[in-house]
Amino acid sequence: RPDGVLELVDGDVRMLVALIEGGFNNDDAAELFVLGVDAPRDRPHALLAVLERAIAAVTALADDGPRSVLHVPMRGHLEPLGAEMFTRLGFDVAYREYHMRTIDARRDSPPPPAPLTWIDLDASWVDAVRPMLVGAFAGVSGVMFAPADDMAKRLLAHTPPPRLLVDERTRELVGIARVTLDHEQHIGGVDLIARAAGRRGGLGQVLLGEAMRVLDEAGMTRFELDVVASNERALELYRRNGFRVVSQDTVWSLPLRGA
């Protein structure tokens, strides 16, 4: 849920941007997302002028908030600007993210080792998910966690229900696998897989395998996911399962004046 939405117009260029700073993330970053652009693709400098205004307006808002940097993903509407444009505005690269895809995944879904078992998420487990995710993604760039109430609502409303890997003896939450379904294009998204900090023993394959099993049973024929480029362990896992990098996004970082 955005903390602010701005519409900027300059001649024949129109841009809609959102500011998100209410969640928790490891980079202490507010995030600017370009929701839409109406601009001639052969006029990148006109687009840049509007983006500069958007950054100035959003930075003014973010300076009153708790964050020390502003992140802006260069994707979609902003691609015509190129890296030089962001550098001129004082940005540095924060991190890069890969979009991966497969049409011939292994669909290797090993059973979890005892005493672990799979269950669907319900209200009794919601409070355990957020602290597990915060621990699992400690130090990883590009992960923002919604406030606890918002996260709980989103988890419970998600379809299909997220799958939880739990210890039957201790009732400990060990991992989570969540997917998205595009029935029109038969595209399944591996939206989230995570294991509790300190848990290894091949659980990455167990979690990914369960996500792919759910997608397969839902009739999805192509699987997709996003991963931060520096997460080499995850990249190795995904490549072993038939995923390949098909595109890359760069997220740029600008120190806030109030930092």
Side-chain angles (χ1 to χ4, degrees), residues 1-7 16-36 58 61-62 64-67 70-73 75-76 97 99 117-167 171-185 187-197 199 207-208 210-215 217-218 220 223-228 234 251:
R1 185 173 60 188
D3 297 283
V5 177
L6 299 173
E7 182 181 22
L16 188 68
V17 301
L19 171 68
I20 299 176
E21 61 175 350
F24 165 80
N25 64 78
N26 296 309
D27 304 301
D28 194 28
E31 297 189 346
L32 183 155
F33 289 95
V34 177
L35 304 177
V58 167
L61 290 174
D64 293 329
R67 304 305 181 189
L70 177 68
H71 280 179
V72 182
R75 62 170 68 106
E97 187 175 62
H99 183 66
T117 189
W118 285 107
I119 63 171
D120 284 341
L121 177 138
D122 62 27
S124 67
W125 285 94
V126 167
D127 289 343
V129 171
R130 194 173 194 275
M132 190 275 287
L133 291 177
V134 170
F137 289 103
V140 178
S141 293
V143 180
M144 177 172 279
F145 301 102
D149 289 347
D150 286 349
M151 178 179 282
K153 292 176 184 177
R154 295 176 191 178
L155 286 169
L156 289 172
H158 195 84
T159 303
R163 297 283 285 163
L164 302 184
L165 188 61
V166 302
D167 188 315
R171 300 296 289 170
E172 175 193 2
L173 177 59
V174 175
I176 184 171
R178 187 178 67 183
V179 302
T180 60
L181 306 176
D182 182 341
H183 291 285
E184 185 173 329
Q185 299 189 59
I187 298 174
V190 181
D191 184 45
L192 169 68
I193 62 169
R195 53 171 172 71
R199 289 276 191 164
L207 291 162
L208 180 60
E210 179 67 4
M212 295 167 74
R213 181 195 65 79
V214 173
L215 294 175
E217 290 188 358
M220 303 296 104
F223 303 160
E224 299 183 342
L225 57 83
D226 296 314
V227 60
V228 175
V251 177

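Here the structure is a predicted model, which means the values were calculated and not measured.
In plain terms, the two heavy atoms of Ala136 and Ala194 that are nearest each other are CB-CB, 4.1 Å. Summarising the geometry of Ala29 relative to Met144, their closest heavy-atom pair is O-CE, 3.5 Å, with the distance given to 0.1 Å. Minimum heavy-atom separation, Pro73 to Leu32: CD-O, 3.2 Å. When every heavy atom of Ile193 is checked against every heavy atom of Ala211, the shortest pair comes out as CG2-CB, 4.3 Å. Nearest heavy-atom pair across Ala128 and Leu173 is O-CD2, 3.6 Å.
Every residue two or more places apart in sequence or in another chain that forms a side-chain hydrogen bond (donor to acceptor under 3.5 Å, both in side chains) with Ser141 is listed here: Asp27. Scanning for side-chain hydrogen bond (donor to acceptor under 3.5 Å, both in side chains) contacts around Asp167 gives an empty result, with sequence neighbours left out.
Residues Leu19 and Leu6 fail the side-chain proximity criterion, which asks for heavy atoms closer than 4.5 Å. Considering only heavy atoms from C-beta on, Val214 stays 4.5 Å or farther from Leu181 through its side chain.
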(request) Just do the side chain to side chain contact (heavy atoms under 4.5 Å, CB included) check on Arg163 and Asp120 with the steps written out, would you? (result) CA-CA 5 Å; Arg163 297 283 285 163; Asp120 284 341; 2.9 Å; yes
(request) Take Thr180 and His158, measure what side chain to side chain contact (heavy atoms under 4.5 Å, CB included) needs, and give me the verdict at the end. (result) CA-CA 9 Å; Thr180 60; His158 195 84; 4.0 Å; yes
(request) Step by step, work out the side chain to side chain contact (heavy atoms under 4.5 Å, CB included) result for Val143 and Val228. (result) CA-CA 9 Å; Val143 180; Val228 175; 5.5 Å; no
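Sorted by first then second residue, the salt bridge (Lys or Arg N to Asp or Glu O under 4.0 Å) pairs that include residues 173-183, not counting sequence neighbours, are Arg178-Asp191.
In the displayed structure, Asp127 atom CG is contacted under 6.0 Å by at most 12 heavy atoms of other residues, nucleotides or ligands. Within a 6.0 Å sphere centred on CG of Asp149, heavy atoms belonging to other residues, nucleotides or ligands number 12 at most.
If you take CZ on Phe223 and CD1 on Ile187, they are separated by 11.5 Å, rounding to the nearest 0.5 Å. One finds the CD atom of Glu210 at 8.5 Å from the CG atom of Leu165 (value rounded to the nearest 0.5 Å). To the nearest 0.5 angstrom, Leu35 atom CG is 11.0 Å from Glu7 atom CD. In this structure, CG in Leu121 is found 4.5 Å from CG in Leu164, a value given to the nearest 0.5 Å. To the nearest 0.5 Å, the span separating NE2 on His183 from CE on Met220 amounts to 4.5 Å. Taking CD of Gln185 as the reference point, atom CD of Glu224 lies at 8.5 Å (rounded to 0.5 Å).
At least one donor-acceptor pair under 3.5 Å links the side chain of Arg130 to the backbone N or O of Ala146.
The only option from Leu207, Leu192, Val166 that meets the side-chain contact (heavy atoms from CB on, under 4.5 Å) definition with Ile176 turns out to be Leu192.
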